[in-house]
2 protein chains.
Amino acid sequence: MNDVAGGLVRLSGLVQGLYTRVSQRHDLTPVQAKLLCVLLEGPRGMAELAGYFSVEKAALTGLMDRAEKRGLARRTPVPGDRRALTVTLTEEGHRAATAFYTDVHAELEALVGSLTPEGRKHFEQAMGEIIERCGGGC
Amino acid sequence: MNDVAGGLVRLSGLVQGLYTRVSQRHDLTPVQAKLLCVLLEGPRGMAELAGYFSVEKAALTGLMDRAEKRGLARRTPVPGDRRALTVTLTEEGHRAATAFYTDVHAELEALVGSLTPEGRKHFEQAMGEIIERCGGGC
DNA sequence: TATTGTTATACTCTATAACTATA
DNA sequence: TATAGTTATAGAGTATAACAATA
């Protein structure tokens, strides 16, 4: 696979590896890191998070149990619907999320650091097109 | 993250998701699919595979136990070193590997199908540069 | 002593199915 | 009945540490 397909797999592996290494550096699992990053944009419901992660509700229960035990996030009741829970970051979780995000962002920037401004622009545009055309699923 | 970093994460997520879906279609886990693809290029030792996967030897024992139980690969002795084992694909494993590989290749090609020939060339070149500059680790 | 691979143990992540409580 | 979330159970993947056999 020495073509686009191979390139995509290798590039994706590079990004995945980078993400995992940075997670470890912050004493997080990659999934926990992803959870923190999502919650950085605001509180979310359990079902909402399950949908976002393309995972069953039950998996989120476990994920949140561990995140809560580690003091990164918490579940709070939703006024008006006594079945529902909202997930928010704790202070520690917010600090961890910000630190992780900053770090991973810098490393990803460094990853494309060898591109010329021109090449970088083309690359960004191509990624944008692929992502847009594929949306969520594809 | 609406920049290169965000694009890389989303693109990598797209590729990862595609890989996982195709694996499932072939009744494989993503890790098993990766193992089959590596073995398609020839037999490998256990330690060699562990290195390739950036994983401890013990993890590979478990991985191979399951692959062997499913009839996809087998361990054979190495003449000349009675400690070592070589991992090879079974016939069924070879069939599964080829079918998976073909399928994933086609899907990845389709992923970049919206790019113009020009854009595609630029994209390929940029990926090549990034990968080359980062080699294995980076 | 170093290397190859395994075993034992524990943890994370995930799926499925059955369940509770509320809407 | 439908939705939100949990519990129970099982399996994959991984790490660590201790081990056996061979080099």
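Chain identifiers are assigned alphabetically (A, B, ...) following the order of the sequence lines, protein sequences preceding nucleic acid strands; residue numbering begins at 1 within each chain.
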Euclidean distance, atom CG of residue B/Leu63 to atom C1' of D/dA15 [Å, nearest integer]: 15 Å
Upstream residue (5' side of DNA chain C) when B/Gly45 and A/Arg70 are each assigned their closest nucleotide: B/Gly45
Separation between CD of A/Glu107 and OH of A/Tyr19, rounded to the nearest 0.5 Å: 13.0 Å
Residue-phosphate contact under 4.0 Å: A/Thr29 side-chain N/O, C/dC13 OP1/OP2: yes
A/His26 to A/Asp103 - nearest heavy-atom pair and separation: NE2-OD2, 2.8 Å
Spacing between A/Met64 atom CE and C/dT14 atom P, to the nearest angstrom: 14 Å
SB check B/Arg75 B/Asp65 (cutoff 4.0 Å): yes
Hphob cluster co-occupancy, B/Leu40 + B/Val31, side-chain heavy atoms under 4.5 angstrom: yes
DNA chain D: 5'-proximal contact among B/Arg66 and A/Glu48 (nearest heavy atom): A/Glu48
Nucleotide C/dT12, atom C1' - distance to CG of A/Leu72 in whole Å: 14 Å
Modelled atom types, side-chain donor and acceptor of A/Glu129 and B/Ser114, under 3.5 Å: no
Atom-to-atom span, CZ of A/Arg21 to C1' of D/dT14 - whole angstrom: 17 Å
Terminal axis angle for the helix from C/dT1-D/dA23 to C/dA23-D/dT1, five pairs an end, nearest 10 degrees: 10°
Nucleotide of D/dT6, D/dG13, C/dC13 approaching B/Val31 most closely (side-chain heavy atoms): D/dG13
Distance in angstrom units between A/Leu49 CG and D/dA4 C1', rounded: 13 Å
Sidechain N-carboxylate O distance under 4.0 Å for B/Asp27, B/Arg70: yes
Shortest non-hydrogen contact from B/Gly93 toward B/Leu36: O-CD1, 4.1 Å
Atom-pair distance (OH on B/Tyr52; C1' on D/dG13), nearest Å: 18 Å
Per B/Arg83 side chain, nearest of listed nucleotides C/dT4, C/dG5, C/dC13: C/dT4
hydrophobic_cluster_shared for A/Tyr52 and A/Val87, side chain cutoff 4.5 Å: yes
B/Asp81, nearest nucleotide to its side chain (from D/dG5, D/dA23, C/dC13): D/dA23
For atom CZ of B/Arg82 and atom C1' of D/dA21, their distance in whole Å: 9 Å
Under 3.5 Å: donor-acceptor pair, side chain of B/Glu109, backbone of B/Ala106: no
Heavy-atom side-chain proximity of B/Thr88 to B/Arg44 below 4.5 angstrom: no
Presence of B/Arg75 side-chain N/O under 4.0 Å of C/dT6 phosphate oxygens OP1/OP2: yes
Interface with DNA chain D, restricted to residues 53-60 of chain A and to heavy atoms under 4.0 Å: A/Lys57, A/Ala58
A/Met46 side-chain proximity, nearest of D/dT3, C/dT4, D/dG5: D/dG5
Ion pair check, B/Glu132 and A/Arg10, cut-off under 4.0 Å: no
Between D/dT14 (C1') and B/Asp65 (CG): distance, integer Å: 14 Å
Close residues, residues 32-40 of chain A, relative to DNA chain D [heavy-atom separation under 4.0 Å]: none
Side chain B/Thr76, main chain B/Thr86, donor-acceptor under 3.5 Å: yes
